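Below: one structure, written as structure tokens.
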Amino acid sequence: MDVPGRWKDLDHLLTRPGNVVGPGFEPDPALRAFLHDDCRVLCVGAGGLGCELLKDLALSGFGQIDVIDMDTIDVSNLNRQFLFRLKDVGKPKAEVAAAAINQRVAGVHVTPHFCRIEEKPLEFYQQFQIIILGLDSLEARRYMNQVACSFLAFEEDGSPDLSTIKPMIDGGTEGFKGHARVILPGFTPCFECTLWLFPPQTKFPLCTLAETPRSPAHCIEYAHLIQWGQERPGHDFDADVEEHMRWVYDEALKRAAKFGIAGVSYQLTQGMDNYMMYVGTDGIYTHTVKYEKDAACLICSSGVPLHAPASSTLQQVIDQLQRDPRFEGKLQSPSVSCGPQNLYMHGIFEEETRQNLQKDMKMLIGGSHAILQVNDKKLLAPLRCRLTLSDHSDLDAEMAE
Amino acid sequence: MVEIKDPKSKKYDRQLRIWGAHGQAALESAKICLLNCGPTGSETLKNLVLGGIAGFTIVDGSKVEQQDLGNNFLLSEADLGHSKAQGVSSLLKELNDSVTGGFVETDPEQLINDQPAFFNNFSLVIATQLREATMLKLDDICRAEGVKLLAVRSYGLVATLRVSAAEHAIVETKPDNAVGDLRFHAPWKELHDFAMSFKLAEMDEIMHKHLPFAILLIQAVGHWKAGHQGKLPSGSKERTDFKALLKSWQRQIDGIPVEEENFSEAMTNASKVWSQHGIPSEVQAILEDDCMNLNSSSSTFWCLAAALKRFIEQEGQGCLPLEGTLPDMHATTDLYLQLQRVYQTKAESDVTAVETHLRAILKDNASSISSISRAEVKLFCKNARHLRLVRFRRLSEEFGISCKHNVLRQALTAEDQATNATLYILLRAVDRFYESHKHFPGTFDSPPESEIPMLKAKAGALLSEVGASPSPAWDDCLAEMCRFGAGELHCVAAIIAGMAAQEGIKLLTKQFVPQSGTLVYNAMGSTTSVFCL
Ligand SMILES: [Zn+2]
């Protein structure tokens, strides 16, 4: 709804040139029309955070908003989920929240989806310019992370295809603490890249961490899970305490140097900060940092490193994939392709591609290096593997490149 | 009989887990005054109304315009042309029917000038979007009456938050990573005797692996001290030896130690033997504070602190009262309960000692305090290690000649604070701009750049008062401040309002530690800085 003067405060920012603006920002009154009429935002969750997010979006000029939530309203929600009233108890959160915003903020159109996030196909998520999460579970965040990263495609040189980036913003609160982060798949770390922020869990086999670290994440995980307990006994690791994070980072860096692994970095001088944490128990303390992507991330990297002996057949590579602990539980009956070429496919192409299984891998991919696309019904999106066929050890193979 | 859960405790279930029933009771008796109900004020109050304060009064003299519908969720088209305070007030009441609310359609500045007594009866005054000169007057009024004040402001993509009160003493600071007070390093006689009554070598297998780790550690400490002139293990070599001593007590089969959970717990908790045991510096500062010279009008907190001091000097022999809580540990139920009783008995007797001192102190000072319950004394003793006292500087100190300019100078040259310190200076400069020009920079349709030189002049003068030179972010920030046109953006207001409501809850419940300086939120960089000026 475009009444003169209604969006005056916002228009100052949209129509005036600025010094602290993103690259490519051009002041234009049409920006507000874009936000209001064309830009589609999805808010995942209509709970404590979701209610606040919907209100903030509607009053920041966004006019086309969708909200998805599977829960119904409970009395214990009413102390913070201000879009709900006592009479709404038992009704779907998404529907009541959407109706409340539509009624209060003229011109804004919120569409509710009362269902589980897994019930929607990828195409549903594809239609939004931006996805905002107001979730309270790690599992739901990981699922949405896979969804957002599933759209990511790469150029031939391994750089992300800009047109396929689905920006996602994640928020979380507990008591007087909270965080907000921006995930630009391919540019900033995705949820899986920094899973170590959610202690304690063993993402990697301990022997890998201790004996054969292979990635920055391994070093960080080692510092956090093993060195912390050894060197700082009696201190509970708290990812919200800057000094703790700094300590883990420093130790990870030392370890990475020892094993010759590049890519552990805390806050480089360039690039964007992507994570803000908030602690409000003792005064107010926030910390904003630029976390780094995990170059070997299963979800958002251009390719998970995979080394196989030079003489491997396709069958042997597939066997190796299925044995790989990194893909544990993710691959049941993988199909493998390389660029446009189907190497081995389940389903209708099975018969046609079966003969490839016993063929020499080097011959199939026409060299020693290739990006393989591995698909499986257990995966939300294909897994990218950066295959190197070589009889040398990992390090030699990389140096030979 | 069917148990019916109290609907109120169900509604507030999530927050009761954070501040408890007594914190909730404090909120439910709080009367709040909000000055100006733009999005910053409305959102702050919304958060507190949802939490269940007793009541509020909104003071705002303006009428609802189109612009308000673009940034204030608590107003709608039906309110156009009517009192803003009335519109916000009526929707707020809808959010929580146990909260009473009212409004005064007057400009806050006028009220501050004409009716200073208006503020006397509030628990907390939340002043939003007020300029420096007005805030100075309000601070003096609130200080004189002992009313706590919360100053909140959003300005374009920047916001600030400041608490003002003479002093705020907190018993329940609820620290995040508190290490339990278990006295392994120096067990009192009863604990020592209890621990030593168990003979490890004579125990059967079941008993051996169910002896609480606390007892293992106390025995090990006794053993260690006996061989080291009464000293605790120090340095990594001795600490390793100490753990080796514990290990040597484990049962073995063919020379290999048997897996015993109580022993692994003892290993992980061994550091509690040599971690910090003294009186924390914040508590020490309280014990040495001038307010410890009591008089008849000393507050409950200071009377309790004086009793605490006597306890430390006498019965405590330099130690604080025992907390008395025992963490869960691997043990038989019976052994755990026995041990817990030893801790609880000591804690109770410490409370009694403190209470006795307190009664004497109240009598000696002819205190006007009618009663301090044992429960209060107990709470105080239990939290004695984490007591905090926050004194907020007067706004006249921060804005006047006694401003800690060196803090600002330092911040202006510190890489991670320079931009936010610059924004702080500029926020003060826009008020000076207003005093001269009767409007904020960039509020007219003319290009905002045209007002940069005038703002720069005001800001430059401030900067020279501080004795600092411009930070690298200076010109960019100046231009942005003019671009903002004093706009109040909903998303910035919502964030600072969230923090403001949180600080309000801390002040009202007297739990957690409020922010003692001026907080600057920079929405451009998603950062905050706190300046104690
Ligand atoms: Zn990733």
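Just so we're clear, the structure is a prediction, and the values are computed from it rather than from any experiment. Below, chain A is the first sequence line, B the second, and so on; all start at residue 1.
Separating the SG atom in B:C491 from the CG atom in A:L59 is a distance of 9.5 Å, to the nearest 0.5 Å. B:D445 CG to A:T15 OG1: the interatomic distance, rounded to the nearest 0.5 Å, is 9.0 Å. Between atom CZ of residue A:F82 and atom CG of residue B:L74 there is a gap of 8.5 Å, rounded to the nearest 0.5 Å. Here CG of B:L489 is found 5.5 Å from CG of A:L13. Values are rounded to the nearest 0.5 Å.
Here B:L91 is the residue among B:T443, B:L91, B:N72 with the most heavy-atom pairs under 4.5 Å with chain A.
Counting heavy atoms from C-beta on, the side chains of B:K174 and A:T281 never come closer than 4.5 Å. Put simply, the side chain of A:I284 reaches to within 4.5 Å of the side chain of B:L161, judged on heavy atoms.
When each of B:V530, B:L519, B:T528 is tested with A:T286 by the rule side chain to side chain contact (heavy atoms under 4.5 Å, CB included), just one qualifies, namely B:T528.
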Evaluate salt bridge (Lys or Arg N to Asp or Glu O under 4.0 Å) for B:E488 paired with A:K8, printing each intermediate quantity in order. CA-CA 9 Å; B:E488 209 177 339; A:K8 191 173 156 197; over 6 Å; no

Under the criterion side-chain hydrogen bond (donor to acceptor under 3.5 Å, both in side chains), I'd like the reasoning laid out for B:Q515 against A:Y285: C-alpha separation, chi angles, the key distance, then a yes or no. CA-CA 9 Å; B:Q515 182 58 61; A:Y285 175 78; over 6 Å; no

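Ion pairing between a basic and an acidic side chain is recognised when a charged N comes within 4.0 Å of a carboxylate O; B:D68 and A:R6 show no such pairing. The pair A:R16-B:E480 does not meet the salt-bridge criterion, since no charged nitrogen lies less than 4.0 angstrom from a carboxylate oxygen. Salt bridge status for B:E77 with A:R104: absent, with no side-chain N to carboxylate O gap under 4.0 Å.
Using a 4.5 Å cut-off between heavy atoms, A:R80 contacts chain B through both its backbone and its side chain. The contact between A:S76 and chain B is made by backbone and side chain atoms together, counting heavy-atom distances below 4.5 Å.
Using the six-membered ring where Trp is involved, B:F512 and A:F176 have ring planes that are tilted, between 30° and 60° apart.
Nearest heavy-atom pair across B:R483 and A:H12 is O-CB, 3.4 Å.
A:D74 CG: more than 12 foreign heavy atoms inside a 6.0 Å radius.
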